[in-house]
Amino acid sequence: MESQWLFNLILVLQFVMLLALVTWVFRMSKRIKQLKIQQMEAGVDHKKQVQVLASGSIGMGRRLVAIEKKLNLAVEKQSEILSKEGSVSYNRAMELLEMGATIDDLVSKCGLIRAEAELISLLKKESRKNSDYH
């Protein structure tokens, strides 16, 4: 009888262990499925993030190109303005020389550097000499 009781106990223990193993396998399979779903969702999220970043980069690139064009136009206009202002200064210097201004007067009143004022003065003298000969 004791052997029967021991046999039944071992049988019950095997059944409990089998039940525990089946429960553990079932839970692990559910967990694996959940992890696969999370990985798939994460993959979709990564794809969406890459798409968002790519479209943002494209938009930023377009904006930079537009800003570069505006900057180039502004630089061109600034160059034109500076060249016009420079010619105005030279024209003003020529007028002052005709009125008898000195090189120091040209430097102070026209914003020219001394070398520019001297050059304009020499050019003016040369043009007077050439007009006197003709």
Side-chain angles (χ1 to χ4, degrees):
M1 184 113 137
E2 200 175 299
S3 65
Q4 185 66 30
W5 181 82
L6 190 57
F7 178 75
N8 286 339
L9 181 63
I10 293 174
L11 191 61
V12 168
L13 286 175
Q14 285 178 342
F15 178 74
V16 169
M17 288 180 67
L18 182 64
L19 186 62
L21 182 64
V22 168
T23 304
W24 182 79
V25 167
F26 179 73
R27 286 186 179 172
M28 286 299 119
S29 67
K30 276 181 89 174
R31 182 67 182 138
I32 289 171
K33 286 180 184 178
Q34 288 174 345
L35 288 173
K36 284 182 180 179
I37 290 171
Q38 287 175 352
Q39 285 177 341
M40 287 175 29
E41 288 173 351
V44 170
D45 285 345
H46 289 300
K47 288 179 184 177
K48 285 182 182 178
Q49 288 174 353
V50 168
Q51 288 173 344
V52 167
L53 289 173
S55 65
S57 297
I58 291 169
M60 187 60 74
R62 288 180 181 153
R63 291 179 75 185
L64 285 174
V65 167
I67 290 170
E68 185 179 19
K69 286 179 182 178
K70 288 179 182 179
L71 178 64
N72 288 337
L73 287 172
V75 168
E76 287 176 21
K77 287 181 181 179
Q78 183 181 17
S79 295
E80 289 174 12
I81 291 170
L82 288 175
S83 67
K84 287 179 185 176
E85 285 179 0
S87 65
V88 170
S89 296
Y90 295 136
N91 291 338
R92 176 78 175 131
M94 295 294 269
E95 291 172 3
L96 290 175
L97 283 173
E98 288 176 8
M99 294 188 287
T102 65
I103 291 174
D104 291 328
D105 292 333
L106 298 181
V107 170
S108 65
K109 293 180 181 174
C110 297
L112 302 175
I113 60 173
R114 185 159 192 82
E116 288 177 316
E118 290 173 354
L119 180 62
I120 291 173
S121 177
L122 287 173
L123 289 172
K124 186 65 174 170
K125 286 178 187 175
E126 286 298 317
S127 68
R128 282 185 195 155
K129 284 182 187 177
N130 288 337
S131 64
D132 289 342
Y133 290 123
H134 289 81

Starting at [atom1] of [X], measure out to [atom2] of [Y] and round the result to the nearest 0.5 Å.
{"X": "Lys109", "Y": "Thr102", "atom1": "NZ", "atom2": "OG1", "result": "8.0 Å"}
{"X": "Leu35", "Y": "Lys33", "atom1": "CG", "atom2": "NZ", "result": "12.5 Å"}
{"X": "Glu68", "Y": "Leu71", "atom1": "CD", "atom2": "CG", "result": "7.5 Å"}
{"X": "Lys124", "Y": "Glu95", "atom1": "NZ", "atom2": "CD", "result": "9.5 Å"}
{"X": "Ser55", "Y": "Met60", "atom1": "OG", "atom2": "CE", "result": "11.0 Å"}
{"X": "Leu96", "Y": "Ile103", "atom1": "CG", "atom2": "CD1", "result": "13.0 Å"}

> Going through the distances and angles, do Gln14 and Leu18 end up as a side chain to side chain contact (heavy atoms under 4.5 Å, CB included)?
Replying inline: CA-CA 6 Å; Gln14 285 178 342; Leu18 182 64; over 6 Å; no
> So if you build clusters from Ile, Leu, Val, Met, Phe, Trp, Tyr with side-chain heavy-atom gaps below 4.5 Å, do Phe15 and Val22 land together?
Replying inline: no
> Do Met40 and Ile37 sit in the same hydrophobic cluster, where Ile, Leu, Val, Met, Phe, Trp and Tyr count as joined when their side-chain heavy atoms come under 4.5 Å apart?
Replying inline: no
> Sub-3.5 Å donor-acceptor pair from the side chain of Ser57 to the main-chain atoms of Leu53, do we have one?
Replying inline: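 Pair found, side chain donor or acceptor close to backbone of Leu53.
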> Which pair of heavy atoms, one from Val107 and one from Arg114, lies closest together, and at what distance?
Replying inline: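 The answer is CG2-CA, 3.7 Å.
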> Taking all atoms of both residues into account, what is the closest heavy-atom pair of Leu112 and Ala93, and its distance?
Replying inline: CD1-CB, 3.9 Å
>> So for atom CE, which belongs to Met99, do other residues, nucleotides or ligands contribute more than 12 heavy atoms lying within a distance under 6.0 Å?
In response: yes
>> Quick one, Tyr90 with Met94, criterion side chain to side chain contact (heavy atoms under 4.5 Å, CB included). Give me CA distance, side-chain angles, the key distance, then yes/no.
In response: CA-CA 6 Å; Tyr90 295 136; Met94 295 294 269; 5.5 Å; no
> What's the verdict on side chain to side chain contact (heavy atoms under 4.5 Å, CB included) for Leu106 and Leu97, showing C-alpha distance, side-chain angles and the deciding distance?
Replying inline: CA-CA 8 Å; Leu106 298 181; Leu97 283 173; 3.8 Å; yes
> Ser121 versus Lys125: any side-chain heavy-atom pair under 4.5 Å?
Replying inline: yes
